[in-house]
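Note that the coordinates shown come from a computational prediction; the quantities given were computed from them, not determined experimentally. Count residues from 1 along the sequence.
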Amino acid sequence: MTNKKKLGLTARIVIGMIAGIAVGFVFKLLLAGQDDRILHILGMDIALKALFVDGFFHIGGEIFIASLKMLVVPLVFVSLVCGTCSLSDTSALGRLGGKTIALYLVTTAIAISLAIFAALLISPGDGVQMQSDATFNPNEAPALSQVFINIFPSNPIDSMAKGNMLQIIVFAVLFGLAMAMSGKAGERLASVFSDLSDVIMKLVTLLMNLAPYGVFFLMAKLFTSLGLETIASLAKYFGVVMAVLLIHGVVSYAIILKLLSGLNPMIFFRKMQDAALFGFSTSSSNATMPVTMETVTKKLGVKNSIASFTVPLGATINMDGTAIMQGVATVFIAQVFGVDLTLTDYLMVVLTATLASVGTAGVPGVGLIMLAMVLQQVGLPVEGIALIIGVDRLLDMTRTAVNVTGDAMVSCIVGKSEGAFDQTVFDDENAGCKEEDVDFHHLR
């Protein structure tokens, strides 16, 4: 009896993604809605859309995203409590927080500077005609004073119900510190939280095995409705953003990782494949957080005391991908409207976008709110955002993959600098893969 080698999770996700894209394109052709098509005449195009696009694909994709989001709050709270209460030196928490936030802000500043440079070099807005009826009304960004007030929860249960990540982080840190100072009572509770953390991570492993199916549904739904003609009309803008995302996500991160930690970037990127694919598929750093957390702790060797803080914080405030979009979009919109920006304007764009990544954390539609703030800061019309919304969905997927990779990269650097890093796990090609493929027949 021969032993068949099972495909790895990464390979299965890629297969699901390619199959979903192919099926999505087929359905897009079938549902073109032209009167001379037999499907349209028979009314079958409406039936196909209702049964598959709005039915199987939509339901399957939404269940997959909901399953991932279901784990986010308990995972962040439990792992952060465990990590905080296990810190031997609780005074190191301030140093850890300062170091993490500083790294996230620096990478964001590098990202937007790179984006502005590339956009000025290529000029994606040249020759694009502004639509006279283009309008965009962004949500209001909160005042800076309100941002600081909102970080502290008045009702932690309500914060968890609403998924307000910064408030959850603050409460979990305070709760963990209180446990560490509570002697025997804290130790007993710490063992309970440790067991809870193990159970939640096991649940993450189980859900990861469903990823290929979830990715298939998400891709099939997206590519059925994706307006490729819009991408073609904004090909230069789309190409510049995509190129800068790839350069920053591969070259910049590799250089920063090597310089600040001495770790091998090739090993890092190889182990980040699954988390990056999850980020690309879900377009949400928060939804990908359970997978990022498992990757950082089980595959990259960062101790939970560090990862439980750096990963949730990164998913909330690390917006390198969004900053790249803002940098290119600012130059693009300025060129479309024929506005010449000065060097001071560009420096203001870098500063505004970098600080706004923290100031607008946790606000719905954060990317477009940040872009509106940047445009207003340099006197560009906000309605220009309407030009780029049509191609933003596919770019959003790529920039989420970049953000997730940045979260893990910063976690490795901070972990290494704090002596909370296992080099043996990082170097082990099979670390974290032993339980990756769960035989569901044994679960019946």
Verdict with supporting geometry, Ser281 and Met397, side chain to side chain contact (heavy atoms under 4.5 Å, CB included): CA-CA 6 Å; Ser281 306; Met397 298 163 71; 5.9 Å; no
Using modelled atom types and a 3.5 Å cut-off, is there a donor and acceptor pairing between side-chain atoms of [X] and backbone atoms of [Y]?
{"X": "Ser191", "Y": "Arg188", "result": "yes"}
{"X": "Gln167", "Y": "Asn150", "result": "yes"}
{"X": "Ser159", "Y": "Asn155", "result": "yes"}
{"X": "Ser194", "Y": "Ala190", "result": "no"}
{"X": "Asn209", "Y": "Thr205", "result": "yes"}
{"X": "Thr282", "Y": "Phe278", "result": "yes"}
{"X": "Asp345", "Y": "Thr342", "result": "yes"}
{"X": "Thr84", "Y": "Val81", "result": "no"}

Nearest heavy-atom neighbours spanning Asn318 and Gly406: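 That would be ND2-C, 3.7 Å.
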Shortest non-hydrogen separation from Leu375 to Val382 and the atoms involved: CD1-CA, 4.1 Å
From CA spacing to verdict: side chain to side chain contact (heavy atoms under 4.5 Å, CB included), Ile110, Ile256: CA-CA 11 Å; Ile110 291 171; Ile256 294 169; 4.1 Å; yes
Side chain to side chain contact (heavy atoms under 4.5 Å, CB included) assessment of Ser67 paired with Leu210: CA-CA 10 Å; Ser67 300; Leu210 300 176; over 6 Å; no
Close aromatic pair by centroid cut-off 6.0 Å: Phe421 and Phe426: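 Yes, the ring centres sit under 6.0 Å apart.
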CA sep, side-chain torsions, deciding dist, call: Val291, Met208, side chain to side chain contact (heavy atoms under 4.5 Å, CB included): CA-CA 8 Å; Val291 183; Met208 284 176 71; 4.0 Å; yes
Listed once per pair and sorted, the side chain to side chain donor-acceptor pair (under 3.5 Å) pairs that draw on residues 242-267, sequence neighbours left out: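 Every side chain to side chain donor-acceptor pair (under 3.5 Å) pair that includes a residue of residues 242-267, provided the two are not neighbours, is His248-Ser252, His248-Asp320, Tyr253-Asp320.
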Criterion side-chain hydrogen bond (donor to acceptor under 3.5 Å, both in side chains) against Ser411, the qualifying member of Thr295, Thr297, Thr310: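 Of the listed options, the one satisfying the test is Thr310.
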Neighbour count above 12 (heavy atom, 6.0 Å) for Lys99 NZ: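 More than 12 within 6.0 Å, yes.
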SB check Asp158 Lys162 (cutoff 4.0 Å): yes
N-O pairing of Lys271 and Glu429 below 4.0 Å: no
Option among Arg12, Lys299, Lys298 that satisfies the salt bridge (Lys or Arg N to Asp or Glu O under 4.0 Å) test with Asp274: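 In the set Arg12, Lys299, Lys298, the residue that makes a salt bridge (Lys or Arg N to Asp or Glu O under 4.0 Å) with Asp274 is Lys299.
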Residue from Thr398, Asn403, Leu114 passing side-chain contact (heavy atoms from CB on, under 4.5 Å) with Leu245: Thr398
Side chain proximity check, Ile21 to Phe216, heavy atoms < 4.5 angstrom: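 Not touching, per the 4.5 Å side-chain cut-off.
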Residues which pass salt bridge (Lys or Arg N to Asp or Glu O under 4.0 Å) with Lys416, listed by chain and number, not counting sequence neighbours: none
